> 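Take this structure first; my questions come after.
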Amino acid sequence: MDLKSEKIQRILSKYKFGDVTVEELQKIYRIFPDMKLYTGTYTSSDNSQMELLKLTGVIPVKYDGRSYNFPIELWLLYSFPFTPPICLLRPTSNMVIREGKHVDAKGRIHLPVLHNWDHPRSSVVGLLNQMISKFEEDPPLSSRTTEDTKDPHELMAYVSNLKINDGGIRHHDQQNIKVSVVGGGDLGMACVMSILSKCNVDKLVFIDVAESSSKGGATDLEIFNLPKVQVSRDISSSAGSKVIVVTVNSWNNDESYVKVVQTNVDLYRGIIPNLVHLSPNAILLIASQPVDIMTHVAWRQSGLPPTRVIGAGCNLDSERLSHVLDINLNTHKPAWVIGELSDNKVPVISNVGLSSNGALEIAPGSNSTKPLLDRAFDLMKNRGQRSWSVGLSVADITNTILTDKMKIHSISTLAQGWSGIGAEVFLSLPCIMGANGSARLAGVTLGPEEDSKLRESVNSLFVLMSQIRI
């Protein structure tokens with residue numbers, strides 16, 4: 001691997017951890033000598049461009065007794081190897097992408113190791129090995145068939161990724177956009193109305209679950225017959241959804257907190273597995289309370305990767321925080337609220353401004369940013385988490401998923417491995433969201449007060465999870 005060329009050295013000088021990057025590249029070349037290093041211009045979803053290093057090559061994938069070489073491309077961000085690479089399939093002209101669990105229609109690769117990236121435990125060598133393993137289970141490429149070469153296995157693989165409508169054949173990624181909201185009451189209604197206003201959907205299903213204490217609202221929607229909205233009391237009507245928002249709750253003030261949570265968990269047990277069976281490619285967006293616990297429960301019950309089970313978490317507070325910094329304090333940097341949705345949540349700010357072309361990262365805790373964030377937090381006090389506000393936040397996350405916007409949201413996600421967190425808990429962290437789910441931003445060193453609050457939340461969530469039967 002040639003690291004001495006003038007062009008590569010020029011781009012490499014922009015990397016924050018240049019020496020560590022070189023060491024990582026040398027390890028990759030020793031294990032995967034066919035991976036070649038190049039430079040290139042990467043264009044992000046917002047059309048901003050960066051000159052980056054990229055690794056290009058093929059990985060060997062065995063399937064059905066045959067061996068295939070799958071062409072891939074890995075773009076290394078400036079904070080590599082502490083942030084994961086952007087991974088893409090690069091099919092040749094005679095190949096067709098098969099959209100599935102680990103690859104979207106555009107060829108973007110989504111794997112558990114990318115979501116849980118935590119260098120040095122995470123590495124590109126480990127990533128490539130997992131890529132090979134997952135692709136052997138579910139190959140994301142097949143041969144483009146012609147009249148002269150029609151292998152039955154390849155033909156079926158290609159046809160399975162096509163849909164037929166009145167206008168003829170179209171690719172799977174152009175299918176109707178369907179979203180389901182499961183759970184009635186004020187929050188369910190707020191989510192329905194907000195998604196209907198914010199998102200471009202073909203069908204929005206509102207499922208009023210009889211067992212939920214938050215039921216209600218379905219009859220009014222039936223009476224007024226809103227366009228694109230289907231009202232149902234049957235879980236099966238959610239089949240084929242791209243996003244499923246779950247708002248069901250079963251609260252009883254006569255019970256202890258643990259018993260109330262257990263009642264919610266029992267309610268989920270009869271809902272979540274059925275939702276996933278009916279919509280195996282959906283992203284679950286949890287808004288039930290307590291959101292960090294219920295997102296964790298939904299992940300355990302669903303069998304889905306953590307990238308596709310997320311909670312609304314601190315997204316609302318994060319949007320409010322960024323707004324206060326921008327409008328009230330004239331600080332034009334994205335900011336997020338992280339941690340448990342409780343008094344222990346803490347604010348963090350980006351390392352770059354909104355207009356910068358650099359990759360967004362969390363700025364380490366410092367004495368210079370703390371007073372600013374504390375002031376912004378103080379201005380946000382007493383705003384609360386009202387149903388309509390949460391509904392608008394849920395709609396914003398849903399829109400990011402449906403449009404593959406790759407926007408950063410602070411959502412409840414699996415936090416294990418982030419910034420030294422060893423326990424299996426869910427809490428809010430800034431994640432890049434798109435059509436295939438979430439990918440966490442790299443962990444950072446927080447200030448002593450913020451770190452203490454985060455660790456306290458990890459402990460309390462871990463203890464509560466140990467007290468419930470999933």
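This one's a predicted model, so the numbers in the text were calculated from it and none came from an experiment.
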> Between Thr39 and Lys54, what is the shortest heavy-atom contact and its length?
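Answer, listing the atom of Thr39 first, then Lys54: O-CE, 4.0 Å.
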> With a 4.0 Å cut-off on N to O distance, would you call Asp396 and Lys407 a salt bridge?
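A salt bridge is present here (some side-chain N lies under 4.0 Å from a carboxylate O).
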> Any side-chain heavy atom of Ile338 sitting closer than 4.5 Å to one from Pro430?
yes
> Find out whether Val394 and Thr247 are in side-chain contact, i.e. whether some heavy atom of one side chain is under 4.5 Å from a heavy atom of the other.
no
> Between atom CG of Leu441 and atom CH2 of Trp336, what is the distance when rounded to the nearest 0.5 Å?
5.5 Å
> Could you walk me through whether Asn69 and Asp34 pass the side-chain contact (heavy atoms from CB on, under 4.5 Å) test, one step at a time?
CA-CA 11 Å; Asn69 288 324; Asp34 291 333; over 6 Å; no
> Look at the side chain of Ser197 and the backbone N and O of Met193, then say whether any donor-acceptor pair between them is shorter than 3.5 Å.
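Indeed, once roles are kept as given, a pair shorter than 3.5 Å links the two residues.
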> So, does Asp202 use its side chain to make a donor-acceptor pair with the main chain of Ile177 at under 3.5 Å?
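Checked: pair present.
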> Given Leu127, which partner from the list Ile109, Ile28, Val113 fulfils the side chain to side chain contact (heavy atoms under 4.5 Å, CB included) test?
Val113
> Determine the minimum heavy-atom distance between Ser428 and Asp292, stating which atoms define it.
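Of all heavy-atom pairs spanning Ser428 and Asp292, the closest is N-OD1, 4.0 Å.
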> With the side chain counted from C-beta on, respond yes when Lys453 and Asp343 share a heavy-atom pair under 4.5 Å apart, and no when they do not.
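Contact flag for Lys453/Asp343 side chains = no.
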> Might you work through the side-chain contact (heavy atoms from CB on, under 4.5 Å) test for Lys242 and Ile283, ending with a clear yes or no?
CA-CA 6 Å; Lys242 282 185 173 290; Ile283 292 174; over 6 Å; no
> Testing the basics here: between Trp299 and Phe426, what is the closest heavy-atom pair and its distance to 0.1 Å?
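Taking every non-hydrogen atom into account, CE3-CE1, 3.5 Å.
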> Please name the residue in the list Leu3, Asp19, Val22 that meets the side chain to side chain contact (heavy atoms under 4.5 Å, CB included) test with Leu12.
Val22
> Rounded at 0.5 Å granularity, tell me how far OH in Tyr29 sits from CG in Leu55.
12.5 Å
> I'd like to know if the side chain of Ser460 and the backbone of Ser457 have a donor-acceptor N/O pair within less than 3.5 Å.
yes
> Decide yes or no on side-chain contact (heavy atoms from CB on, under 4.5 Å) for Glu24 and Val124, but give the supporting numbers first.
CA-CA 8 Å; Glu24 184 74 7; Val124 171; 4.0 Å; yes
> Are any side-chain N or O atoms of Gln416 and backbone N or O atoms of Gly422, one a donor and one an acceptor, separated by less than 3.5 Å?
yes
> Please check: side-chain N/O of Lys134 versus main-chain N/O of His110, any donor-acceptor pairing under 3.5 Å?
no
> Sub-3.5 Å donor-acceptor pair from the side chain of Lys14 to the main-chain atoms of Tyr78, do we have one?
no
> Is there a side-chain contact between Val337 and Arg320 in this structure, where contact means two heavy atoms from C-beta onward sitting under 4.5 Å apart?
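Not touching, per the 4.5 Å side-chain cut-off.
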> Looking at Leu88, is its backbone amide N or carbonyl O close enough to the side chain of Glu73 to form a donor-acceptor pair, meaning the two atoms are under 3.5 Å apart?
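Side chain of Glu73 to backbone of Leu88, a donor-acceptor pair under 3.5 Å: no, none is there.
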> Does Glu6 CD have over 12 foreign heavy atoms under 6.0 Å away?
no
> Given side chains that start at C-beta, do those of Ile397 and Ile310 come closer than 4.5 Å, heavy atoms only?
yes
> Closest heavy-atom contact between Val291 and Thr295?
O-OG1, 2.6 Å
> Roughly how far apart are Leu402 CG and Met433 CE, rounded to 0.5 Å?
10.0 Å
> Per the side-chain hydrogen bond (donor to acceptor under 3.5 Å, both in side chains) rule, which among Arg440, His115, His296 passes with Thr413?
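Answer after filtering Arg440, His115, His296: His115.
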> How many angstroms lie between CG in Asn116 and CH2 in Trp418, if you round to the nearest 0.5 Å?
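The CG atom of Asn116 sits 13.5 Å away from the CH2 atom of Trp418.
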> Flag the pair Asp451 and Arg455 as a salt bridge only when some basic side-chain nitrogen lies within less than 4.0 angstrom of an acidic carboxylate oxygen.
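Looking at Asp451 and Arg455, the cut-off is met.
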> I need the minimum non-hydrogen distance between Thr43 and Gln49, along with the two atoms involved.
OG1-NE2, 3.1 Å
> Is the closest side-chain heavy-atom distance between Thr56 and Arg90 below 4.5 Å?
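No. Closest side-chain heavy atoms not under 4.5 Å.
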> Check the angle between the aromatic planes of Tyr42 and Trp75 and answer parallel, tilted or perpendicular using the 30° and 60° thresholds.
tilted
> Please find the pair of heavy atoms, one from Pro84 and one from Leu77, that lie closest to each other, and give the distance.
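That closest heavy-atom pairing would be O-CD1, 4.2 Å.
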> Nearest 0.5 angstrom please: Met50 CE to Thr41 OG1, how far?
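The CE atom of Met50 sits 10.5 Å away from the OG1 atom of Thr41.
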> In sequence, state the C-alpha distance, the side-chain angles, and the governing distance for Ile97 and Leu141, and then conclude on side-chain contact (heavy atoms from CB on, under 4.5 Å).
CA-CA 5 Å; Ile97 293 174; Leu141 290 175; 3.9 Å; yes
> Does a donor on one side chain and an acceptor on the other come within less than 3.5 Å for Ser241 and Ser180?
yes
> Applying the side chain to side chain contact (heavy atoms under 4.5 Å, CB included) test to Leu284, which of Val243, Ile244, Val245 qualifies?
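Only one of Val243, Ile244, Val245 forms a side chain to side chain contact (heavy atoms under 4.5 Å, CB included) with Leu284, namely Ile244.
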> When rounded to the nearest 0.5 angstrom, what distance separates NZ in Lys228 from SG in Cys199?
10.5 Å
> Around atom CZ of Phe462, are there more than 12 heavy atoms from other residues, nucleotides or ligands closer than 6.0 Å?
no
> For Leu76, is there any backbone N or O sitting under 3.5 Å from a side-chain donor or acceptor partner on Tyr15?
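The answer is yes, because a donor-acceptor pair under 3.5 Å joins these two groups.
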> How about Arg108 and Ile86: do any of their side-chain heavy atoms sit closer than 4.5 Å?
yes
> Under the 3.5 angstrom rule, does the side chain of Thr21 hit a backbone N or O of Phe80 as a donor-acceptor pair?
yes
> Mind checking whether Thr398 and Val201 have side chains closer than 4.5 Å, heavy atoms only?
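Heavy-atom side-chain distance check fails, nothing below 4.5 Å.
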> For Ser194 and Cys191, indicate whether the former's side chain and the latter's backbone hold a donor-acceptor pair under 3.5 Å.
no
